[in-house]
Amino acid sequence: MKAAVFYSKDDVHIEDIPKPSIGPGELLLKVAAVGLCGSDIDKIMYEAVPPGTVLGHEVVGTVAVLGEGVESFRIGERVVVAHHAACEECHYCVCGSFSKCSLFRSTNLHPGGFAEFIRVPEPNVRLVAFAIPDDIAYERIIFTEPLACCVRAIERTRLQPGDIVLIIGMGAIGLLFTQLVKLQGAKVIGSDPLTDRLEFAKGFGADVVINPSLDPLEDLVREATEGRGVDTIISTVASQPVLDQALSLVRDGGMIHFFAGKRGGLNVSLDINELYEREVGIITTYSSSPRALREAFRLIAEGEIRTEELISHRMPLSEVLEGVRMMVRHEARKVYFEVAP
Ligand SMILES: [Zn+2]
Ligand SMILES: [Zn+2]
């Protein structure tokens, strides 16, 4: 079968590799499409995985082979599946730290979503695979996993109706957050230095949008919050300037949520006494849970969250690097690779 194989940040190319075989309880999925995630882009640009790796994990496709004993799916059925499956029973899962679950960390799709076929392990079949209703397009439901990561971040944020939330970064993830925050009855201020993203964000429910490189964000936040500062900040980028700005814009007792890290590491400075005296919380989230995946699937299936308009580019799998470069240059909002349309 064909797969797009990573060798370096300048070399990801199509190769013939063996089609995976499956065992009891597993599925062989014929991949229809795979989304390009920010983590794929990072792993390629920072060359953070070994040469020969097949990346990609936002997959949809049809069941090609059923493993022995699988009764919850049938051949030809359209399926969306996540790459990691938390057990929902261990200490970490019970405490909500699903990404630290040993089953979560040991499960993955093989060889990876940038391929014609993938083996779906038994825990993923059991916990994080969903049959797609006939009337729901792949281009909508492929957002199940990225949306689930945002759903879990919102669960961990504990918003109140009427809260004012500043979302930093109005790319595809920022637009998913915008819709989730609105569903909680909170208000959204959307910030992005790319003006064309801001108009688009209004269409997804952002109450106020601002380009912080053109207009002072501080003034807008002060006006919108009677001088208090925003209740919560969700940032899709992590840097010292963003942290400094977030600390100046969040209200006393508020929360800064980083839905982003910095591959390779980034030491930032912050005044621990300021955090202490202002009781400002800092939290991070990077992944989903089975519960968040079920909720994300439902939100998309029932039309509560709009996703299909987020895809800006459809490409063949042979153009993985081109898709990565377009995302890095901010020329694409979301890249969708058509594998077997
Ligand atoms: Zn991802
Ligand atoms: Zn667990």
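This structure is a prediction, so every number in the text was calculated from the model and none was measured. Both ligands and their constituent atoms are indexed starting at 1 by order of listing.
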Q) So, are D207 and K182 salt-bridged, with charged N and O less than 4.0 Å apart? A) yes
Q. Hey, what's the angle at the Zn ion (ligand 1) spanning SG (C37) and NE2 (H57), nearest 10 degrees?
A. 110°
Q: Would you tell me whether H257 and T285 have side-chain atoms, one donor and one acceptor, within less than 3.5 Å of each other?
A: yes
Q | Metal-centred angle, the Zn ion (ligand 2) as apex - SG of C90, SG of C101, 10° resolution | A | 110°
Q. Between R298 and E295, is there a salt bridge with N-O shorter than 4.0 Å?
A. yes
Q.
When you measure from the Zn ion (ligand 2) to the N, O or S atoms of C87, does any of those distances fall below 2.8 Å?
A. yes
Q) Between D163 and K187, is the closest basic N to carboxylate O distance under 4.0 Å? A) no
